Amino acid sequence: MSYETLIVETHGRVGLITLNRPQALNALCDQLTSELDAALTAFDADPNIGCMVLTGSAKAFAAGADIKEMQSRQFPATYLDEFLNWGAIAKKRKPIVAAVAGYALGGGCEIAMMCDVIIAADNAKFGQPEIKLGVTPGAGGTQRLTRLVGRAKAMDLCLTGRMMDAAEAERAGLVSRVVPAAELLTVALDVAATIAAMPLAAVLAVKECVKRVDEVSLEEGLLFERRAFHSMFATADQKEGMAAFAEKRAAQFQNR
Ligand code: HXC
């Protein structure tokens, strides 16, 4: 499939998606978000892919939803059309590593938060500036952000619309690592390749378990985790992983 707003490549078992509307700082127009969902869905279904990387340009991961595209929209059409419902992007089963350089604002920050590991370049800037446009965040800026960084910082960011730099984002727990901008893609691809080399069933189960944290009580989450753990004993890769440890050799996973 060919895309107009994305560049899609594979690096071994890693699927790399680059947002590519540089003239608009990767503003998330309808075409871009539907192409993004299609590209992620295709990699998610591809047995040769174990992990995905989502990135933007050196200046912008994404500067938010496309303001010019939405400025003249009215209610109730926004409601009736379920305008900007990006929920499907957050429902992929394989892990997604976001490699964020430059601006990740509004919907850009929200898409990054739908990913599973965020690696930030040292020039990254995160924010939810929607309030300055007379709207609220609409795809996780008040919900995922609050879960990820806590209420104090989420309130600050959403109410003032200010940007948070990469160091603050790392301190706040939003990003996993901060790296020099020139190394961003190399590090992100390396992290993704490491994940893609792991046994796929365990990878999918870990992602499912961690994401349950947002949905259930500790007891339910622990039960979910324990059942996932038990189910791994049905996989060939559990036998191989543990045999390789006992035999002091590298494991050869079959990803099943
Ligand atoms: C449409 C955008 C855009 C956006 C930038 N551009 N952000 N177009 N929607 N979100 C366009 C500009 O209009 C400009 O086009 C070009 O990209 C370069 O941007 P500049 O503003 O000239 O660049 P700069 O001066 O470097 O400033 C960068 C910036 C600024 C600070 C990131 O562009 C900015 O504040 N952008 C808007 C950020 C924002 O408010 N995001 C939240 C959107 S609402 P031209 O044609 O003039 O060259 C949102 C809601 C999500 O995301 C809801 C989800 C359900």
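Start at 1 and go down the list; that is how both ligands and their atoms are numbered. Heavy-atom basis, side chains included; hydrogens, waters and symmetry copies ignored. Residues take their numbers from the sequence shown, with the count starting at 1. As the structure is a computational prediction, the values presented were derived from the model and not from experiment.
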Task: For atom 1 (C) of ligand 1, the option (of Asp66, Thr33, Leu28) bearing the nearest heavy atom - done: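 Result: the heavy atom closest to atom 1 (C) of ligand 1 is in Asp66.
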- [ ] Between Asn85, Ile67, Leu105, flag the one that comes closest to atom 37 (C) of ligand 1 by a heavy atom.
- [x]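 It is Ile67 that holds the nearest heavy atom.
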Open item on the list: Looking only at side-chain N and O atoms, does Thr5 offer a donor or acceptor that is under 3.5 Å from a partner on Glu35?
Closed with: yes
Starting from [atom], which protein heavy atom do you reach first, and at what distance in Å?
atom                    : result
atom 16 (C) of ligand 1 : Gln23 O, 3.4 Å
atom 14 (C) of ligand 1 : Lys68 NZ, 4.2 Å
atom 26 (O) of ligand 1 : Lys59 NZ, 2.7 Å
atom 38 (C) of ligand 1 : Ala63 O, 3.3 Å
atom 54 (C) of ligand 1 : Glu110 OE1, 3.5 Å
atom 6 (N) of ligand 1  : Ala24 O, 3.7 Å
atom 33 (O) of ligand 1 : Leu25 CD1, 3.7 Å

- [ ] Please indicate, with yes or no, if any protein heavy atom is found under 4.0 Å from atom 41 (N) of ligand 1?
- [x]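 Yes, because at least one protein heavy atom sits under 4.0 Å from atom 41 (N) of ligand 1.
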Task: Non-hydrogen protein atom less than 4.0 angstrom from atom 30 (C) of ligand 1 - done: no
Below 4.0 angstrom, N of the basic side chain to O of the carboxylate: do [X] and [Y] qualify?
X      : Y      : result
Glu4   : Arg21  : no
Asp165 : Arg171 : no
Glu183 : Arg177 : no
Lys94  : Asp116 : no

If you count the atoms of ligand 1 from 1 in the order shown, which ones are under 4.0 Å from a heavy atom of [X]?
X      : answer
Trp86  : 54 (C)
Glu130 : 44 (S), 49 (C), 50 (C), 51 (C), 52 (O)
Ala65  : 4 (C), 9 (N), 10 (N), 43 (C), 49 (C), 50 (C), 51 (C), 52 (O)
Leu133 : 40 (O), 43 (C), 44 (S)

TODO: State whether the number of non-hydrogen atoms from other residues, nucleotides or ligands found under 6.0 Å of Gln23 atom CD is greater than 12.
DONE: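 Correct, the count exceeds 12.
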Task: Residue Glu247 excluded, over 12 heavy atoms near CD under 6.0 Å - done: yes
[Y] backbone acceptor or donor facing [X] side chain under 3.5 Å:
X      : Y      : answer
Asp44  : Lys92  : no
Arg13  : Ala196 : yes
Thr146 : Arg151 : no
Glu240 : Gln252 : yes

Task: ligand 1 contact on Ala139 by region, counting heavy-atom pairs under 4.0 Å - done: both
- [ ] Assess Gln128 for proximity to ligand 1: is some non-hydrogen atom of it under 4.0 Å away?
- [x] no
